[in-house]
Amino acid sequence: METTVANRLQNIKASLPLHVTLIAVSKTKPIESILEAYTSGHRDFGENYVQELVDKYAQLPKDIRWHFIGHLQSNKAKYIVPFTHLIHGIDSLSLLKEVNKQALKNNKIQDCLLQVHIAKEETKFGFDASELEDPATLNTLATFSNIRIRGLMAMASNTNDTEHLKAEFTGLKTLFNILKTHAIPNLNMEILSCGMSSDYPLAIAHGSTMIRIGSSIFGEREYKH
Ligand SMILES: *Cc1c(COP(=O)(O)O)cnc(C)c1O
């Protein structure tokens, strides 16, 4: 049988534990491929670039749950807050403040994940664990009335070293559990978003509840922004 986007997606989905949500990462992929996944019943899609997300949102069915998984610049939050289901890449309090402002304007509570820097690479965005364990950070977070933090997001190192990856995922899960003990009304630690095409089984084994899969569903990306 020919493997199509829908086949690949449904095969991965069928292999997942029930508590794990699959985000189909459609960045750089055409509307037709997204529609193929949509028609097979999928509703959660992830995009990395603001303009691309805005364009796709306009063209696609309105019951899609859009996940913004890229690096968000504060001045662009206003374009995606009106319709985005979950913003994964919150990597600073100043960004969170701006998202809160836009959520207030749109009369919505914006669900967000805090991105944690777990990889050894310098280039990856996110909070350090120590910043999130700092009471000052959590106290500021508590003042954002239109934000609901639903959990954490991370990208592990780009390596085949399983032991190294395990250590990163374990550290993330430990931080998740620590944050879970805080009684802050808008901090609801339920989601751990980690795991991509190359490492998602290991991520799930270490507590991930949301995986972001691009190339294993849509094929390799032809170009990068
Ligand atoms: C592109 C991307 C993914 C998906 O990567 P694949 O290796 O294609 O599965 C997941 N998360 C983030 C943040 C991404 O930018």
Side-chain angles (χ1 to χ4, degrees), residues 3-16 20-30 33-34 36-37 42-56 64-73 76-77 80 84-92 95 99 111-127 149-162 164-165 168-169 172 176 191-225:
T3 43
T4 62
V5 164
N7 290 150
R8 289 192 291 262
L9 185 149
Q10 294 303 335
N11 285 340
I12 293 173
K13 224 176 189 170
S15 75
L16 300 176
V20 176
T21 302
L22 170 63
I23 311 302
V25 176
S26 47
K27 63 182 178 214
T28 79
K29 296 297 175 182
S33 299
I34 300 175
E36 190 189 332
H42 200 71
R43 292 294 178 271
D44 289 281
F45 292 88
E47 288 284 340
N48 287 58
Y49 309 101
V50 168
Q51 189 59 52
E52 186 175 347
L53 174 55
V54 168
D55 290 346
K56 286 176 171 171
I64 286 180
R65 290 184 290 271
W66 288 107
H67 295 252
F68 190 78
I69 65 170
H71 175 63
L72 183 59
Q73 291 170 272
K76 295 194 174 164
I80 67 161
T84 299
H85 178 69
L86 182 63
I87 300 177
H88 291 229
I90 299 291
D91 59 1
S92 71
L95 172 59
V99 171
D111 282 338
C112 297
L113 303 179
L114 300 172
Q115 184 169 358
V116 187
H117 181 260
I118 59 169
K120 57 185 177 204
E121 287 115 42
E122 287 296 323
T123 53
K124 303 238 163 106
F125 296 103
F127 290 96
I149 301 296
R150 302 284 312 277
L152 303 179
M153 178 269 206
M155 286 173 88
S157 292
N158 184 14
T159 174
N160 294 324
D161 181 345
T162 308
H164 185 92
L165 288 172
E168 290 183 357
F169 289 137
L172 180 67
F176 182 84
I191 299 172
L192 194 51
S193 167
C194 62
M196 324 198 333
S197 293
S198 59
D199 61 10
Y200 75 88
L202 201 62
I204 291 171
H206 291 82
S208 172
T209 66
M210 189 172 267
I211 59 173
R212 309 176 308 264
I213 309 286
S215 45
S216 293
I217 295 171
F218 295 104
E220 292 300 323
R221 286 176 290 276
E222 306 270 309
Y223 62 94
K224 287 204 156 77
H225 282 241

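Remember, it's 1-based here, ligands and their atoms both numbered in the order they're listed.
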Problem set entry | Test item: side-chain donor near acceptor, Arg212 and Ser193, under 3.5 Å | yes

Exercise. Passes side chain to side chain contact (heavy atoms under 4.5 Å, CB included), Ile204 versus Val20? Steps please.
Worked result: CA-CA 8 Å; Ile204 291 171; Val20 176; 4.0 Å; yes

Exercise. Does one side chain, of His85 or Asp111, offer a donor that lies under 3.5 Å from an acceptor on the other?
Worked result: no

Exercise. With respect to Trp66, which candidate in Leu53, Val54, Leu86, Ile23 satisfies the side-chain contact (heavy atoms from CB on, under 4.5 Å) definition?
Worked result: Leu53

Exercise. Between Thr209 (side chain) and Ile191 (backbone), is there a donor-acceptor pair under 3.5 Å?
Worked result: no

Exercise. Knowing that exactly one of Leu192, Asp91, Leu172 qualifies, which makes a side-chain contact (heavy atoms from CB on, under 4.5 Å) with Val116?
Worked result: Leu172

List, for ligand 1, each N/O atom that has a protein N/O partner under 3.5 Å away, with both atom names and the distance.
unit_1: ligand 1; atom_1: 8 (O); unit_2: Ser215; atom_2: N; d: 2.8
unit_1: ligand 1; atom_1: 8 (O); unit_2: Ser215; atom_2: OG; d: 3.0
unit_1: ligand 1; atom_1: 8 (O); unit_2: Arg221; atom_2: NH1; d: 2.8
unit_1: ligand 1; atom_1: 8 (O); unit_2: Arg221; atom_2: NH2; d: 3.2
unit_1: ligand 1; atom_1: 9 (O); unit_2: Ser197; atom_2: N; d: 3.0
unit_1: ligand 1; atom_1: 9 (O); unit_2: Ser197; atom_2: OG; d: 2.5
unit_1: ligand 1; atom_1: 9 (O); unit_2: Gly214; atom_2: N; d: 2.8
unit_1: ligand 1; atom_1: 11 (N); unit_2: Arg212; atom_2: NE; d: 2.9
unit_1: ligand 1; atom_1: 15 (O); unit_2: Lys27; atom_2: NZ; d: 2.7
unit_1: ligand 1; atom_1: 15 (O); unit_2: Asn48; atom_2: ND2; d: 2.7

